[in-house]
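Positions are given from 1 along the sequence. From a predicted model like this one, the values you see are computed outputs, not experimental measurements.
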Amino acid sequence: MSKEHLRRHSSVVVDGPDRAPSRAMLRAVGFGDQDFKKPQIGIASTWSMVTPCNMHINILADEAARSVNDAGGKGVVFNTIAVSDGISMGTQGMRYSLVSREVICDSIEAVTAGQGFDGLITIGGCDKNMPGCVMAMVRLNRPSVFIYGGTIQPGAHRRDIVSVFEAVGAHAKGDITDEELHEVESTAIPGPGSCGGMYTANTMASAIEALGLSLPNSSAQEAISDNKKEDCDKAGKAVLNLIEKNILPSDILSKKSFENAITVVIAIGGSTNAVLHLLAIAHSAGIELSLSDFTRIGEKTPVLADVKPSGKYLMSELIEIGGIQPLMKMLLDKGLLHGDCLTVTGKTVAENLADVTPYPEGQDIVRGFDNPIKKDSHLVVLHGNLAPGGAVAKISGKEGLSFTGTAKVFGSEEDALHAILDGNVTKGDVLVIRYEGPVGGPGMREMLSPTSAIMGKGLGKDVALITDGRFSGGSHGFVVGHVTPEAAVGGPIAMVHDGDTITIDAENRTISMDVSEDELARRKTSWTAPERPKRGVLAKYADHVKSASEGAITDAF
């Protein structure tokens, strides 16, 4: 293959006498004469000191750049933003979390296309970094590899960030003292890495690996580990191999690869956010994916991993027994994965898994098909007169498969949280938190604070919560999110009144309120849309964002 082909983008920027000004600028940032002849690889780092999820990623980016350089390319590190879900949770700042996915994607596209990089490595840690990175890789369609920043090590007593949120509820209940809450707060987060359960970051890392866009076991490595450094080293070599073979994200992604990702997300008991993000990534790739695909695949895919939040084990403990590669091999052997899908190794899924060692005997973190955690998916897509466009429930089965209760309606997450902590939520309530959708937020906040407070109060089996917002991967209990149409656009959730009877039926996949169509129509006549922000990123987002059932995308075509 010609060097011109390997440098199809960068040659336009640096070749020829007329590009001397460009070369002059690049010399100042470390380019020499020979570097202008090499494929340029952009390395999008999400490093920042705003969150432990990303505080180490500069080290990983430098390692990836060194690997690129050693393999004959020229690595160029650049940054994009991060917004910490765990820190902003329960505040107005959380409105910017999902919005940041689009900002990250757009910024990586802008730098990569603007600078003329021939290939791309993206490194993400916190929740929205990761789909944002992948959406940019797909949109640019240049040889690309994603590196997961890695999971955090456990805190004292196997604690993690959800331990702290649930301790807040226990403190409000009077079960722990101020001193005990402080001790939990001070020991839960020991250092760098993404939240330690099968929350959104670890879920999306697993999904991206199953899509074929990261190297084997990139999703199952601790942030501070030799394995993660080796992952970066291999990624530099892999992206140059992809350039040489002209393997693009469009060659890797297909309907079958998305089916693989959905299957893995279900088997690991992953976050509801995976639904939102996989829909958005598929849209970027021009591949048709809908909520019905999650239902179809969920009917035949069991939950096998006993991981937090609803299970017992942390990601670090799954890593100790081999990560997700043995699980993928189990799924492949059972006929639940498409083994012929191409990956960034240049090999197929089946080829990557051919020599994978099974889990050790006696482990109980990942169960066999004869003893699943749940025989079908925990991610249940619901429809009904409360969510005609669909809603996504996270039903582990531990809280039951159906719930009927009385609506208690709140116009914001803060109002609901105060009611829970103040003892104004009781057995049989269905909390309805609305005007938190993509448009209504704007930004579709996650409801980890109220769901954790419910669990901390000991009401996990006695109270349900529905919202047009989202849930953190750390949320568990009887929870339903992504209700569409959302309240801000006049969806039925806006018409719910205190005291209405609401039924959630996971077995029949329905969510309904005992209110007639005539009464709903009457209520809507007196409804007025809330005022939206008039300027800034939230205003732009609210003007362009599509519904959660479409992935909350902003670049519809």
Side-chain angles (χ1 to χ4, degrees), residues 101 130-131 134-135 138 198 200 203-213 249-250 252-305 324 327-328 331-332 334-343 349 372 374-384 387-395 438 444 470-471 473 480-485 506-511 546-553 555-557:
R101 184 188 75 181
M130 305 164 70
V134 171
M135 288 163 66
V138 173
M198 193 52 71
T200 303
T203 297
M204 286 310 301
S206 302
I208 293 164
E209 182 175 329
L211 282 172
L213 293 176
S250 59
I252 292 170
L253 296 181
S254 64
K255 184 62 175 282
K256 291 198 295 185
S257 66
F258 279 94
E259 290 176 346
N260 284 349
I262 294 169
T263 299
V264 168
V265 166
I266 293 168
I268 61 176
S271 166
T272 54
N273 278 319
V275 179
L276 197 73
H277 297 322
L278 287 173
L279 289 171
I281 295 168
H283 173 80
S284 295
I287 294 168
E288 289 190 13
L289 194 72
S290 70
L291 292 177
S292 63
D293 292 304
F294 289 84
T295 297
R296 173 176 56 83
I297 295 167
E299 290 174 343
K300 62 180 181 180
T301 306
V303 179
L304 299 176
I324 73 160
L327 174 58
M328 289 181 64
L331 295 167
L332 178 68
K334 193 71 172 178
L336 295 175
L337 289 186
H338 302 289
D340 58 342
C341 291
L342 189 63
T343 75
V349 169
K374 192 170 182 284
K375 64 180 178 61
D376 54 9
S377 181
H378 64 303
L379 301 176
V380 183
V381 177
L382 308 172
H383 290 85
V392 180
K394 189 176 186 180
I395 307 293
M444 204 179 180
R470 298 181 293 132
F471 292 111
V480 181
H482 306 201
V483 171
T484 56
E507 289 188 295
N508 293 304
R509 304 189 189 94
T510 59
I511 180 168
K546 301 300 180 184
S547 79
S549 294
E550 298 174 85
I553 55 172
D555 61 344
F557 53 79

Which heavy atom of [X] sits nearest a heavy atom of [Y], and at what distance?
X    : Y    : value
R470 : M444 : NE-O, 2.7 Å
T272 : F471 : OG1-O, 3.8 Å
V264 : A210 : CG2-CB, 3.7 Å
P302 : L336 : CD-CD1, 4.3 Å
H482 : A548 : CB-CB, 4.0 Å
I252 : G212 : CG2-O, 3.8 Å

For the atom pair [atom1] ([X]) and [atom2] ([Y]), what is the distance rounded to the nearest 0.5 Å?
X    : Y    : atom1 : atom2 : answer
I395 : H378 : CD1   : NE2   : 10.5 Å
S284 : I553 : OG    : CD1   : 7.5 Å
L327 : S206 : CG    : OG    : 8.5 Å
K375 : K300 : NZ    : NZ    : 15.0 Å
T301 : L337 : OG1   : CG    : 8.5 Å
M130 : T200 : CE    : OG1   : 9.5 Å

Below 4.5 Å, heavy atoms only, C-beta onward: do [X] and [Y] meet side chain to side chain?
X    : Y    : answer
S547 : P485 : no
R101 : L276 : yes
V303 : P372 : no
V265 : H277 : no
L279 : F294 : yes
E288 : D293 : no

Any donor and acceptor pair, going by atom type alone, linking the side chain of [X] with main-chain N or O of [Y] inside 3.5 Å?
X    : Y    : value
T203 : S271 : yes
K374 : S377 : yes
H283 : D555 : yes

*Step by step, would you call L331 with N260 a side-chain contact (heavy atoms from CB on, under 4.5 Å)?*
CA-CA 9 Å; L331 295 167; N260 284 349; over 6 Å; no

*For T295, check side-chain hydrogen bond (donor to acceptor under 3.5 Å, both in side chains) against everything at least two apart and list the hits.*
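T295 satisfies side-chain hydrogen bond (donor to acceptor under 3.5 Å, both in side chains) with no other residue.
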
*Test V134 against every option in L213, L278, L253 by the side-chain contact (heavy atoms from CB on, under 4.5 Å) rule and name the one that passes.*
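With V134 as partner, L213, L278, L253 yield a single side-chain contact (heavy atoms from CB on, under 4.5 Å), made by L213.
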
*If we ignore angles and hydrogens, is there a donor and acceptor under 3.5 Å between the side chains of T484 and S549?*
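Side chains of T484 and S549: pair found under 3.5 Å.
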
*Can you list the steps and then say if I262 with L379 is a side-chain contact (heavy atoms from CB on, under 4.5 Å)?*
CA-CA 10 Å; I262 294 169; L379 301 176; over 6 Å; no

